[in-house]
Student: 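Once you've had a glance at the structure underneath, I'll fire off some questions.
Hydrogens, waters and symmetry mates play no part in the numbers below; they use all other heavy atoms, side chains included. Computed from a predicted model, the values in this text were never measured in an experiment.
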Amino acid sequence: MPRLSLIIPVHKVQAYLPECLDSVLGQDYTDFEVIAVDDCSPDGSGVLLDEYAARDARIEVIHLTENVGLGRARNAGLEKAKGDYVLFLDSDDTLSAGALTAISDRLDATGDPEILIYDYARTYWDGKVRRNQRADLLVNDGPDVISLRDRPELLDLLQIVWNKAYRRDFVARTGLTFPPGYYEDAPWTFCSLISAERITLLDRVCVYYRQRREGGNILKTVSRKHFDVFDQYRRVFDYLDEHEELEQWRGPLFRKMVDHYLTVLEHPGRLPHKARAEFFGRASADYRARVPRGFARPAGGQGHKYAMLERGAYNTMVNATRAVRLRQEVKKRARSALNRSKRRAMGVFYRSQLRLPLDENLAVFSAYWNRSVSCNPAAIEAEVARVAPHIRRVWAIRPDAVDQVPAGTDYVRVGSREYWAVMARAKYLVNNVNFGDNVVKREGQVHVQTHHGTPLKTMGLDQRKYPASTNMSFSKLLKRCDRWDFSISSNRFSTLVWERVYPCSYTTLETGYPRNDVLVNADSEAVRRARAALGLGERTKVFLYMPTHREYQPDFTPPLDLARLADELGPDVTVLLRGHYFYGNSAHADELRSTGRIVDVSGHPTVEELYLAADALITDYSSAMFDYAVLDRPIISYIPDWETYSVVRGTYFDLLQEPPGAVATTQEELLRLLTTGEYDAPEATEHRDAFRRRFCTFDDGHAAERVVRRVFLGEQAPLPVVPFDERRPVPTPAQALEVAEPEHP
């Protein structure tokens, strides 16, 4: 039997669940089991649980067939628990390092008490960590083992179950279970504390309580479900009625009940406005029915509120809280004034356009900070033209980039009157980065964030840990992300990263990347056409080299001697360079360019054509590896500065351990791989297959269609994804040549 049983109810937390489970499984203490209860979660949480359980036998997963809520999901876990002690952990929270060792040591040192109470800290999206405000109650300045009679002030701790370890036989003996509804922790917490004879304290933060920026907290939800609090305290007082020996706690629990009712009443974000008088009436009735004989109201303003509740004086209560509402109104007006100031800065014309109705058949597209017609937005725009031709499609383009716009493309210059007009009135706005801070998200507008890569390097809020990589304002970043309605994802890995590092109220569309459709749907003719457009010989072996930018380098230092590489590989090999202009600082490189041995494709408008033309990709940390993997062609990771890059920029996985193919950390290794053919050996192919299955999950050639049908046509049922093993990669250049030149008998 394990010493500890951790029960983790899970519902719609796929972005946070891995961090939660990793914090448990990574503990130095190992004598525990995890019972994870999938409460019929509609996202990928259930699949994640199964994946973790397959890797670690300490995890048992229960999949519920219907959503039963937090309390009853915990009950399902309790039925399976076998440990001496039961602990609860919410699936978006985490354990601190060494927490389980500290808990176990304290239990051993105090002779297995019925309850151990430990501390927690709140963690916020902006990186702040704040310890429980009543941490002073956990200071052990007396006997190691106490009861609530010795420390009645413990009732003032937050009514939560996940900061305690409960001896399992104590739970069974007292018959404790969780009720349905909101505030389900109250009956369990109060009834367990007043029943326990032996309690011990641990003055240590063992749980990090995540404060989500958006969602995940019932206390921020306006709903009649807050009326559930009446049922929860009915259960508390029913328990008292059944246990005469606990009568001394009636007064303290009555006070906790009244304080809780007042908190719900006074909080502006809980009760619907029309339900407040009804709630007050219910609370007043409970007050009069349960007030203990001889109860003394607290002093001061709180006592005055008690008196109003006892008398049922709702109007008096409303007037008494008017000052609070006035303060809130002042804050609201200040925010409105700030918003008006921002709108004024946008100009009179933009403001006038914002007052006009939205054009339901207008869509604005942008890519890479308005620099080009490309990437996922371009693929989506083409699909809109195919299946929704009634929608006018306009691109936002910087004035210095308009000469790069393809002929026949409708565009507006960023900053012009035409630009502000379409930005104000378009129903749809599609971008692979964020629109500028001065763009207003109107009610009814639909913003689609397509992203422009799968993240190897840290992104969004995770960049706070790597200050050398950015100087952005994260609060401004999230305000921009608040405008998103949809976030496009090409794989579950990206979904989990985006939802965690951009914690806003958007809907994730796991469609695949629209820009990669061509890498699935192209044929031999498209491959031959791509090579011919670049002037490549039919029999030439082509390596596409795509190094990425290093934010921490003030100047670019080429990590690869291209001239030497071309010399070593011989005349039958061409290197396509999509990189930095610093590679032009060599007379020999210029000579190789003139002979076609090195072709600079940095300005080529469509990177997907380069992918089709290349026999293999050489890259480092670029997201190109994830896209090129769709083709199932060799990928070579040339990463001579991996240790520096991974430490300074931060990465989500170890490219040395989970590469998309062969790996080289020196130019000599790279030359050996390329000249011997090891870059396409079975081991490299195995790496590539695992990489593709992980990161090309949804890229089956129908991504753009999925996006357009969901966003522009409103279809709710997505096209099914073609199973991975049923997909057939686009022909390689060699295979395309064979098709063009069939053998003759």
Student: Please give me the minimum heavy-atom distance between Ala385 and Arg393, naming the atom from each residue.
Tutor: CB-CZ, 3.4 Å
Student: May I ask you to decide if Leu456's main-chain N or O and Ser623's side chain share a donor-acceptor pair within less than 3.5 Å?
Tutor: no
Student: To the nearest 0.5 Å, tell me how far Thr495 OG1 sits from Asp43 CG.
Tutor: 10.0 Å
Student: One thing to verify: whether Asp572 and Arg539 come together as a salt bridge, which I'm taking to mean a side-chain N less than 4.0 angstrom from a carboxylate O.
Tutor: no
Student: Decide ring-ring contact (aromatic ring centres under 6.0 Å, His included) for Tyr428 and Phe365; before the verdict, give the C-alpha distance in whole Å, the side-chain angles of both, and the deciding distance to 0.1 Å.
Tutor: CA-CA 8 Å; Tyr428 307 98; Phe365 296 84; 9.0 Å; no
Student: Measure from the side-chain N and O atoms of Gln735 to the backbone N and O of Thr732, and report whether any donor-acceptor pair falls under 3.5 Å.
Tutor: yes
Student: Check this for me: does any side-chain nitrogen of one of Asp699 and Arg727 sit under 4.0 Å from a carboxylate oxygen of the other?
Tutor: no
Student: Assess the residue pair Glu669 and Thr665 against the criterion (side chain to side chain donor-acceptor pair (under 3.5 Å)); give the C-alpha distance rounded to whole Å, side-chain angles, the decisive distance to 0.1 Å, and a yes or no.
Tutor: CA-CA 7 Å; Glu669 285 183 299; Thr665 57; 2.6 Å; yes
Student: Not counting sequence neighbours, which residues clear side chain to side chain contact (heavy atoms under 4.5 Å, CB included) with Val47? List them please.
Tutor: Glu51
Student: Whether Asp725 and Arg693 form a salt bridge (side-chain N of Lys/Arg under 4.0 Å from carboxylate O of Asp/Glu) is what I want to check.
Tutor: yes
Student: Specify the closest pair of heavy atoms between Phe486 and Tyr506, including all atoms of both residues, with the distance to one decimal.
Tutor: N-CB, 4.3 Å
Student: Should the pair Asp627-Arg515 be classified as a salt bridge under the 4.0 Å nitrogen-to-oxygen rule?
Tutor: yes
Student: For Arg633, is there an ion pair with Asp615 - N to carboxylate O distance below 4.0 angstrom?
Tutor: no
Student: Taking C-beta and beyond as the side chain, do Val730 and Leu612 meet within less than 4.5 Å on heavy atoms?
Tutor: yes
Student: On the six-membered ring of Tyr52, is Arg55 placed so that its NZ or CZ lies under 6.0 angstrom from the centre and within 45° of the ring axis?
Tutor: yes
Student: Give a yes or no on whether the backbone of Gln14 and the side-chain of Ser45 come within a donor-acceptor separation of less than 3.5 Å.
Tutor: yes
Student: According to ring pair (Phe, Tyr, Trp, His ring centres under 6.0 Å), does anything in residues 662-689 pair up with another residue at least two apart or in another chain? List the pairs.
Tutor: Phe543-Tyr679
Student: Do side-chain atoms of Tyr621 reach the backbone of Trp642 as a donor and acceptor pair under 3.5 angstrom?
Tutor: yes
Student: Identify the heavy atoms of Ser622 and Met546 that sit nearest to each other, and give their distance.
Tutor: CB-O, 3.9 Å
Student: I'd like to know if Glu668 pairs up with Arg564 as an ion pair, taking the criterion as any Lys NZ or Arg NE/NH1/NH2 lying under 4.0 Å from an Asp or Glu carboxylate oxygen.
Tutor: yes
Student: Go through the structure and list residues passing salt bridge (Lys or Arg N to Asp or Glu O under 4.0 Å) with Asp620, not counting sequence neighbours.
Tutor: Arg550
Student: Below 4.0 angstrom, N of the basic side chain to O of the carboxylate: do Arg706 and Asp517 qualify?
Tutor: no
Student: Using a strict 4.0 Å threshold on nitrogen-to-oxygen distance, state whether Glu538 and Arg531 make a salt bridge.
Tutor: no
